[in-house]
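Each chain gets a letter, A, B and so on, in the order the sequences are listed, and its residues count up from 1. This structure is a prediction, so every number in the text was calculated from the model and none was measured.
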Amino acid sequence: MNDNFNQPYNPFETEKKIYKKWENSGYFNPDNLLIPKSSKLKAKSFCVIMPPPNANGSLHLGHALMTALEDIMIRYKRMRGFKTLWLPGADHAGFETQVVYEKKLEKEGKSRFQIPREKLWQEIWDFTQANKVVMEEQLKRLGASCDWSRKKFTLDKDIIEKTQDTFIQMYKEGLIYRGNRLVNWCVKHQTGLSELETKHEERTDSLYYIKYGPITVATVRPETIFGDTAVAVNPKDKRYKNLIGKEIEVDIAVGKINLKVIADKIVDIEFGTGAVKVTPAHDQADFEIWQRHKDEIDGPKEVIDKFGKIDLKDYFPKNEIYEKLQGLKVLEARKVIVEELQKRGLIEKIDNNYKHDVSLCYKCSNILEPRLMSQWFVKMDTLAKPAIKTVEKGEIKFIPARFKKVYFHWLKNIRDWNISRQIVWGIPIPAWFCKDCGEIIVSKEKPDKCEKCNRTNIEQDKDVFDTWFSSGQWPFLTLGYESPSKSKIKNQKSKLTDYEKFYPTDVMETGWDILFFWVARMIMLGLYRAGKIPFKHVYLHGLVRDKDKQKMSKSKGNVIDPLGLVNEYGADALRMALIIGNTPGNDLAFSEEKVRGYRNFANKIWQASRFVLMNTEHADLRKPSSRLTQIRLTAHDKKRLKEFENLKKSVTKEMDSFKFYIAGEKIYHYFWHTFADKIIEENKERLKSENLTDRQTAQFVLLEILTGSLKLLHPFMPFITEEIYQNLPDKKSEFLMIGEW
RNA sequence: GGGCGAUUAGCUCAGUUGGUUAGAGCGUCUCGUUUACACCGAGAAGGCCGGGGGUUCGAAUCCCUCAUCGCCCACCA
């Protein structure tokens, strides 16, 4: 018995040692993998692009789940003889990271608005680089068998350039336009957001009924009346029939304005008074009403500034009321204007129990202020159609399949995508503006002069891309996609590129919560730019919750650090706890007890292996010739071996259909309750036997099943299985990691 | 307002196209110091498979309906 087998099993030292060995072996890199001669699969490839974790903190349990799932797929395919690539990376995560960094600054009593652009950018760069190092170490501790030689960052030079190329190409083809539209503006973070970055919450507010001359309108936002440009009613509403098309004089305290009454079918006759004030600059629905009635009514009048404060200077002369309101925040202004209107007897009634939804910033939960801004938009309908089709045709499969419906619904109702962000942390938009004539020039390099007026007063768009615009291109960018013209020249003679070998990738494994943010956009952008789907399968895992099914959050104090668990119980145990009983698409109730249970299992594997090896090391099983002559399998032995073969088949089947939670449980159950509890027990007598044949037959059976079991277990519990394999008397390959399944 | 999911043992969940007495882990209880393992072994208790109706020789599984919970989407001021 060799000294390596201390007990109980100690994962801490073993796991670090084993990972180093793997890493030094080079077998994480598919280029170094030899395809076994016996494999019928030849040089088939298998590729998973890791969802790049945000480089703004350390890994949480969700990342550990992602790592476990993907590593299982990768290790399984590698053992099945595929040229297997798992490509790691990290995401600069624009807005997310900037918010994290801002919070850090706030704690130090600083504000990002006081730091010059370039300096802030450099600070966040250093911050993310430091985080990347930590994250990579953590991935290694979890056993991730990814190819570090190919790791990518979303701000790598080539990624930035190719992201910008896509933008330029889309602009040229009319898929991207600059539009002056209402965007979701976060007053705190001072940036616009896409509709996916908003959340909705029900609020109880007051609904004010305000007299607009002969008409009474109902509104929750009386402070926007300064920006009114019309009153809308439903064309079928008899009450207002003779007012449609006429102008009415409205007293709005700060002055009097004339508003045209228009008919629009969006107005609900039943709601309120059936009449709506139209404020195109500060309400999405009103903006759209204006677009339908451009000829009849005035356009947007902005009376709220980017800080969420009232600004009347462009539209009203200074007077007493003006002075009271100017510069007030929205909610304060609301009080003041209501008071003033009440004084004038213009408030008909107030419903204080009005329930409605408000849009909030998904990060800070402040109410979003719709604001009129010039931004870059991606026209989505053209991109969405092929993305729908390819899933309908089954070229991309969802696991679980029900997410297809959610995907279709979103794509069929998709709205144009605002990709401009008013932050510093991100990929610069390759666009330039002529300060003299306003011409827009889309180009990576600064143009010498304006294409239109020939003057040289040119400045770059200060905005950066929505982070999902770059990560949406991740699969083909990380694999080194080159546009066809370039790649032709380059590869006439040379070997296949990664892109040619691995794209489309095989599986995209990620959380269902970013189905729209990321998965849908990768499909659209992959089809658009590379002309091919980015992946064949989408495996969506759920959220890791605490044992009471509560969402883990810092404020609740129920966050569990995966590395703490790795240190205490080992990565193998943590991986099992995350995988078993966890079906795709469903959230997981996670508890430390579960990890402890699988730590016990790891020890079980250790002890059983120890027993088998203790009883075989002097058996001289190393020489096949002696083995063959001394072994006589009984009917029962054959039954046991057959039983294992059946297990292997069934586990293989589950692995191939992405049912890792079942595969893992089957092998777990077999190893503990069949191999350890039954097979070892029933062979103890024979191991003590005087009869050499009996003894060696028992040794053979135990060793055979142990080795096979280690293989089946390896994708799930890579460390302990490799460590034991290294101590086996006759191992066929250098590592279990590249052993034949 | 649309849509999705869930409801199975005390807890967390499986149950693949309908097919014997419905499974696992954890927990509970009883027994056991058999030299691989107490991070263990042997055994046990525990379920009108949310309610109601239907299809079927047969339903946890298919259909309808109701209830409760969770989630996503949506420009009703």
Query raised in the report: Can you list the stems that RNA chain B is part of, where a stem is at least 3 pairs in a row, each Watson-Crick or G-U, with both distances below 3.5 Å?
Result: B:1-7 with B:67-73, B:10-13 with B:23-26, B:28-32 with B:40-44, B:50-54 with B:62-66
Query raised in the report: Mind checking whether A:Tyr407 and A:Phe403 have ring centres under 6.0 Å apart?
Result: no
Requested in this report: Would you please name every residue forming a salt bridge (charged side-chain N to carboxylate O under 4.0 Å, His left out) with A:Lys684, sequence neighbours left out?
Outcome: A:Glu681
Report task. Would you jot down, in residue-number order, the residues of residues 202-218 of chain A having a non-hydrogen atom under 4.0 Å from RNA chain B? Result -> A:Ala218
Query raised in the report: Counting any heavy atom closer than 4.0 Å, what does A:Ser657 reach on the DNA or RNA strands: base, sugar-phosphate only, or nothing?
Result: nothing
Report summary line: Hits for side chain to side chain contact (heavy atoms under 4.5 Å, CB included) against A:Lys385, two or more places apart or cross-chain, chain-then-number order -> none
Query raised in the report: Just by modelled atom types, is the A:Phe517 backbone N or O under 3.5 Å from a matching donor or acceptor in the A:Arg521 side chain?
Result: yes
Query raised in the report: Considering residues at least two apart in sequence or located in another chain, which fulfil the side chain to side chain donor-acceptor pair (under 3.5 Å) criterion with A:Glu643?
Result: A:Arg640
Enumerate all atom pairs, one protein N or O and one N or O from nucleotides 31-37 of chain B, separated by less than 3.5 Å.
from  : atom 1 : to       : atom 2 : distance (Å)
B:A36 : OP1    : A:Lys684 : NZ     : 3.3
B:A36 : O2'    : A:Gln607 : OE1    : 2.7
B:A36 : O2'    : A:Arg610 : NH2    : 2.9
B:A36 : N7     : A:Lys684 : NZ     : 3.2
B:A36 : N6     : A:Ala676 : O      : 3.1
B:A36 : N6     : A:Glu681 : OE2    : 3.1
B:A36 : N3     : A:Gln607 : O      : 3.3
B:A36 : N3     : A:Ala608 : N      : 3.3
B:C37 : O4'    : A:Gln607 : OE1    : 3.3
B:C37 : O2'    : A:Asn603 : ND2    : 3.2
B:C37 : O2     : A:Lys604 : NZ     : 2.7
B:C37 : N3     : A:Lys604 : NZ     : 2.8

Could you write out each protein N or O paired with an N or O of nucleotides 20-27 of chain B at a distance under 3.5 Å?
from  : atom 1 : to       : atom 2 : distance (Å)
B:A24 : O2'    : A:Glu665 : OE2    : 3.3

Query raised in the report: For A:Glu197, which residues count as a side chain to side chain donor-acceptor pair (under 3.5 Å) partner, sequence neighbours excluded?
Result: A:Ser194, A:Arg421
Report task. Using a 4.0 Å heavy-atom cut-off across all strands, classify A:Tyr661 as base, sugar-phosphate, or nothing. Result -> sugar-phosphate
Query raised in the report: Between B:C11 atom P and A:Arg596 atom CZ, what is the distance in whole Å?
Result: 20 Å
Query raised in the report: What does A:Arg599 touch in the nucleic acid at a heavy-atom separation under 4.0 angstrom: a base, only the sugar-phosphate, or nothing?
Result: base
Query raised in the report: Base, sugar-phosphate, or nothing for A:Ile266, non-hydrogen atoms under 4.0 angstrom?
Result: base
Query raised in the report: So what does A:Arg545 hit on the nucleic acid, given a heavy-atom distance under 4.0 Å: a base, only sugar-phosphate, or nothing?
Result: nothing
Requested in this report: Answer with base, sugar-phosphate or nothing: what part of the nucleic acid does A:Val278 contact at a heavy-atom distance below 4.0 Å?
Outcome: nothing
Query raised in the report: For A:Trp185, what residues pass the side chain to side chain contact (heavy atoms under 4.5 Å, CB included) criterion, not counting sequence neighbours?
Result: A:Val187, A:Gln190, A:Lys306, A:Arg371, A:Met373, A:Gln422
Query raised in the report: Do any of residues 404-414 of chain A sit with a heavy atom less than 4.0 Å from RNA chain B, and if so which?
Result: A:Lys405, A:His409
**Report entry** Greater than 12 external heavy atoms within 6.0 Å of A:Lys666's NZ
**Finding:** yes
Query - Under 4.0 angstrom between A:Asn586 side-chain N/O and B:A14 OP1 or OP2 - result: yes
Report summary line: side chain to side chain contact (heavy atoms under 4.5 Å, CB included) filter on A:Thr583, not counting sequence neighbours, yields A:Asn586, A:Tyr661
Distances under 3.5 Å only, N/O to N/O: pair up the protein atoms with those of nucleotides 16-19 of chain B.
none

Query raised in the report: Where the side chain of A:Asn600 is defined as all heavy atoms beyond and including C-beta, which of B:C75, B:C71, B:C40 is the nearest nucleotide?
Result: B:C40
Query raised in the report: Is there side-chain contact between A:Leu728 and A:Leu710, with heavy atoms separated by less than 4.5 Å?
Result: yes
